[in-house]
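The figures that follow rest on heavy atoms only: side chains count, while hydrogens, waters and symmetry mates do not. We count ligands from 1, going down the list as the structure has it; atoms in each ligand are counted the same way.
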Amino acid sequence: MTSSASSQTQGNAQKPWRSTAVVHTATVFEDRFWAPRLRAVREHTLPAIYEQMRNDGHFDAFQEWRKAGTRPIPYVFWESDMSKWIEAASYSLATHPDTNLEALVERAITFLVDLQQPDGYLNLWFTRVEPEKRWTNLRDFHELYCAGHLIEAAVAHFQATGKRVLLDAALRYADYIATVFGVEEGKRHGYCGHEEIELALVKLYRATGEARYLHLSQYFIEERGKRPHYFDEEARARGEDPADFWARTYEYNQSHLPVREQEEIVGHAVRAMYLLCAVADLAYELEDVGLQRVCERLWQHLTSKRLYITGGLGPFPGNEGFTTDYDLPNLSAYAETCAAIGLVFWNHRMLLLDADHRYADLLEQALYNGVLSGLSLDGTDFFYVNPLESQGTHRRQPWYKCPCCPPNLARLLSSLGGYMYSVNDTDILVHLYAQSTSTLTLASHTVVLSQKTNYPWDGTIEIEVKPEEPVEFGLDLRIPGWCKAAHLLVAGEEAPLDLHKGYARISRLWRSGDSIVLRLDMPIERVYAHPAVQADIGKVALRRGPLIYCLETADNAVPLHQISLPDKATLESYFDPALLGGMVLIRGQAHVLETGDWLETLYRTTPPITRTHILTALPYYAWGNREAGEMRVWIHTYARKRL
Ligand SMILES: [Zn+2]
């Protein structure tokens, strides 16, 4: 039995505990939670995104651009959606070969590769539409952002298929970019307004072993925010006043200060996450403690003052990002799906840098809540914005004019197998729990791990260990921060938890067929927000295991703001096999304000009275999959007895 608080304190004082990511193809999901979702992504989401891109002119809107535009006006960063889709489809092809999907991927790749210019430049807008504006507005035009997504797609496609056509184009483009940007005299000292290429170049370095790509990434990170400010000079060169920047502050794109001097998480949330992914990657590859400290500082600021309980982030639509500390409105929450996805990407990198359960906890919190809410259960409709309260009008859409979120969901979920474990020379670290079979390599030994569990509905996980031959290693099981009591059985015997940064380590000679059982207590918990969060005063949220719950009109046929949950009300969980594929719901006796005795009165001196209401809550990720209605995560706690 353990308290996660003590392990956290213990963890902070310890050395970084590094490990390496495992390829997503190592894991096959066999559960009732992820396996159907991932199948929906393969069978519905990936074809639907391609069809939507084709319909709205992603492939041909630019062909006729110079003639009178009859097509919708495209975005300057449109090909980034194609790249993200190619990346997602490549992950899927690696685990589930599909000739139809492969043909679509080939077509999209041909479209992109045909854009490449003799010098290696490869961009849709600035080739077909405004070639004279190449590299003239890095602040706003997403040129290097698009290059980053192209590189990520190229690496994924090469690793999935062994085909080099997109990779070779990306390499030529990256080599060309390296001739344009850098600290050297005669090069542009710029960097992108929307971070992305920095993390992509690290991927390219890892895929090719070519250190020049790592150094180019390092250049982009180190140059960011230096004075004189590149975006000022660039604006003047365009004949503009830098003060006219529409976002008014370079916090918007995290170039207000050099990266190493940044103390707070600010600006556009997706940009902040992609930046920090690259900072964590560079900290890892260069063993740069200074960059690791930047990540740790901003992580602390985010999680203590600027994060929704769903793992959503960036409350404000105006900058698609952060505002001030504790500003976490529920109804107007922006919390873009891509930002929660970026949080998963970043925390995965933090976890590899230093296996502290807090990073895996946050990864899991975002994944099961703020990310998964972005996708309908059937895989065809998407949320761009993920509020924690709705009056019934917020619905998922099959597509968006700016469709960044759908392919981002597809690429994360299609590669989910890569998030379960990581390894180092001596240990296998278990970060996530799901019924699955994984084939891992540990210091040249092959070890198959099978998880049998009904997670996240139940906290019991049995792990069978099957090494090729008996081998000694440490198996490290994450004890989630939400779990206040965990029990471990090794070979049928209760074993003490040997905790290291929130991971229970079992070191022994493992033989095929050895198994352990981990029991994570998973009671329903009431969660309260810091009193500085105005939106959540006098309210409570419900959590069970990694899942945040919410109320929906479909289960609660009264106005949701009139429901109150007394502190002492008993709550129970139960599995409803018929609801939306089966899920654990929470039920309890609450109150609802009586309105029948108010008649035409707007104000009165007699307090309102209440009647009993049996409250039913479902996991937040599943909301909005039935008829339109209200939703709320934070439930009032005021209680008033019937007079
Ligand atoms: Zn998005």
Side-chain angles (χ1 to χ4, degrees), residues 41 45-46 48-50 52-53 56 58 72 74-89 91 140-142 144-146 148-150 152-153 192-197 199-200 247 252-254 265 267-277 302 307-308 310-322 332-348 366-367 369-376 379-388 394-415 621 624:
V41 169
T45 314
L46 287 170
I49 293 173
Y50 186 89
Q52 292 286 359
M53 288 194 301
D56 74 6
H58 263 65
Y75 279 108
V76 69
F77 48 83
W78 250 16
E79 86 254 40
S80 66
D81 306 318
M82 299 183 206
S83 296
K84 278 194 284 186
W85 179 84
I86 292 168
E87 184 188 344
Y91 294 142
D140 301 330
F141 283 170
H142 294 69
L144 290 166
Y145 166 87
C146 288
H149 278 305
L150 185 90
E152 284 203 274
C192 195
H194 195 316
E195 302 90 327
E196 156 64 23
I197 192 168
L199 73 88
Y252 174 71
N253 51 38
Q254 297 83 35
I265 192 102
H268 187 280
V270 179
R271 297 177 199 226
M273 292 302 102
Y274 288 7
L275 167 68
L276 290 167
C277 283
L302 171 69
L307 183 70
Y308 283 105
T310 53
L313 57 160
F316 185 52
N319 65 347
E320 299 189 298
F322 300 103
S332 64
Y334 196 71
E336 182 181 342
T337 304
C338 285
I341 291 170
L343 188 64
V344 170
F345 291 157
W346 177 34
N347 277 274
H348 185 228
L367 178 65
N369 302 287
V371 169
L372 213 46
S373 60
L375 185 63
S376 64
T380 57
D381 293 303
F382 311 93
F383 277 146
Y384 191 115
V385 168
N386 294 273
L388 285 77
H394 189 65
R395 305 290 289 168
R396 291 187 187 84
Q397 307 293 324
W399 198 236
Y400 290 86
K401 188 164 180 284
C402 171
C404 51
C405 304
N408 230 352
L409 279 161
R411 69 182 181 137
L412 171 59
L413 295 179
S414 299
S415 58
Y621 76 79

Check whether any N, O or S atom of Cys402, backbone or side chain, sits closer than 2.8 Å to the Zn ion (ligand 1). no
Mutual orientation of the aromatic rings belonging to His268 and Tyr252 [parallel < 30°, tilted 30-60°, perpendicular > 60°]: perpendicular
Vertex the Zn ion (ligand 1), arms to Cys405 SG and Cys404 SG, rounded to 10°: 120°
Are Tyr384 and Glu320 close enough that a side-chain donor and a side-chain acceptor fall under 3.5 Å? yes
Minimum-distance N/O/S atom that Glu336 presents toward the Zn ion (ligand 1): OE2
Just so I know, are the side chains of Trp399 and Pro406 near enough to count as touching, which here means a heavy-atom distance under 4.5 Å? yes
Looking only at heavy atoms, what is the nearest atom pair of Thr337 and Val371, with distance? CG2-O, 4.1 Å
